[in-house]
2 protein chains.
Amino acid sequence: MTTMIQVAEEVRGEDVDILARVPMFAGIDAPTLARMAQVARVVRVPRGTVLFSQGDDAKALYVLLEGQVGLSGKVEDLGDDTVVEILDAGEAFVAAAVLTGKPYLIGATALTPARVLELPRQALLDDLRASPDLALAMLGSLARHFRLLVREVKDLKLKSASQRLALYLLGLTPRRRGTVIVRLPHNKGLIAARVGVRPETLSRAFAQLKGHGVVVDGQNVAIADLAVLVDYCHEGWENV
Amino acid sequence: MTTMIQVAEEVRGEDVDILARVPMFAGIDAPTLARMAQVARVVRVPRGTVLFSQGDDAKALYVLLEGQVGLSGKVEDLGDDTVVEILDAGEAFVAAAVLTGKPYLIGATALTPARVLELPRQALLDDLRASPDLALAMLGSLARHFRLLVREVKDLKLKSASQRLALYLLGLTPRRRGTVIVRLPHNKGLIAARVGVRPETLSRAFAQLKGHGVVVDGQNVAIADLAVLVDYCHEGWENV
DNA sequence: TCCTGTTATTGACATTAGTCAAATCAGGCA
DNA sequence: TGCCTGATTTGACTAATGTCAATAACAGGA
């Protein structure tokens, strides 16, 4: 829970390349991107830094240039805390909050040392008005993201903890059949919060998946047959 | 589970007025709206009609002109079924699916006799490219909707069934303090699916809320003090 | 290597929500 | 009115998940 000591940096040339590869900005012309980079600020933060907290007014769109960031929500009286999303480099976040101008519903914390680009709200809004392509790209990006959330809501309502864990594991590989060994990208406590259960329950969910060909060894998870897991989750056509 | 017998109708003049009041199309110039109405189709369907099913390819954006429609998701092997959203007249739906062009993650069923406007996918995409204002309006609308889902995910992960029911009740009134009597807009089975619990559990959740000043009488729910409920849900600034 | 604090697992138990079945209630209609 | 059907509630029980506490495994630093 490091406090917010940020080191502002120059925006590097390669950062613009990263921007160009962010799905949200796919296909945007170079001048627009350069203009965005112009007004953006890049900060390098140590692990544990709180980029912003739930309830803060949305003042910028963020793009994760390097590292990992967790988006988590909590109940007022603290204690409980759930991870809504875990982001990797090349992903933009909190677009919805910035567009509505309302306070963040979630907070963002650096899970590793990270480099983050901040695009001020007003600059984004100006760019959106100036570049119809940007608006369309964001619309597509937000729509894809929206669907992930819809799936999440359905899973939370309809699937068990072990099934959700299985879905999480399936999300770690693009393959859908055969044997595979995946490496857990986070410690289990964080994964538990992501899946929406307590760490103890996660342990037991892993134990349960043993019956479906899942063997855990530290950070490595061996899955004997992905198709078995897919079946266990009653996943049909949804993995499109 | 009526089959899909639809009666196509003329698009009426007042339908364009409804369109103009849909948040997703707020501020769009009249010519664009008229053009959209031109290519749209209006159908009148009886209660229970399945407008489309989970897994169908998204082929149109829908606007509910009259009646109520439920969006529900289910697990493959049937049986379980959850209501992701309940829509009222004047709301557009499945924008995200149409924009991505992927199959619907949810199905839509008329909960009452309804009149629905269908805007074909390609027409929408054309209009978006032609009208930057439309793209911006949809972006704003999708962003607001997105945040509702984020809140939903948080609530499902962090709150109990009774708390989620309390949140649902709070959603029926704009007020946040004082005494109020709200009328349940649906039967309890549907509300249960919306809240994400079984009907039996909903009954018991209502019983539990009695301890917080909630008295149920058929479709009418008397809430002695909204502030008490807000507090019970640990809702802070979130109701912005 | 040993210490030490963190992370993960396990066990015992409490709580919550789901299941199944029966009882009750409500509304529509002959 | 009296019956019927479906919705809702209630009870008894089961299953799933959370809680608390103890233990075990691990990683990093002295």
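Everything numeric in this text was worked out from a predicted model, so none of it was measured. Chain identifiers are assigned alphabetically (A, B, ...) following the order of the sequence lines, protein sequences preceding nucleic acid strands; residue numbering begins at 1 within each chain. Note: hydrogens, waters and symmetry copies are ignored here, and every other heavy atom, side chains too, is used.
- Whole-Å rounding puts the B:Leu158 CG to C:dT16 P distance at 16 Å.
- The line from CD of A:Gln163 to CG of A:Leu229 is 11.0 Å long, rounded to the nearest 0.5 Å.
- In this structure, A:Gln208 atom CD and C:dT10 atom C1' are separated by 15 Å, rounded to whole Å.
- Counting to the nearest Å, the C1' atom of C:dT9 and the CG atom of A:Leu165 are 15 Å from each other.
- Straight-line distance from the CZ atom of B:Phe206 to the C1' atom of C:dA17: 17 Å, rounded to whole Å.
- In terms of position on DNA chain D, the residue among A:Ser160 and A:Glu200 whose nearest nucleotide sits closer to the 5' end is A:Ser160.
- When the P atom of C:dA14 is taken as reference, atom CZ of A:Arg198 falls 19 Å away, rounded to whole Å.
- Ion pairing of A:Arg194 with A:Glu152 is present here, as a side-chain N (NZ or NE/NH1/NH2) and a carboxylate O approach within less than 4.0 Å.
- Sorted by residue number, the list of members of residues 182-190 of chain A with any non-hydrogen atom under 4.0 Å from DNA chain D is empty.
- When DNA chain D is scanned in the 5' to 3' direction for atoms under 4.0 Å from non-hydrogen atoms of chain B, the outermost contacting nucleotides are D:dT8 to D:dA12.
- Between the CG atom of A:Leu202 and the P atom of C:dT7 there is a distance of 14 Å, given to the nearest Å.
- Closest to the A:Ser203 side chain, of the nucleotides C:dA21, C:dA8, C:dG18, is C:dA8.
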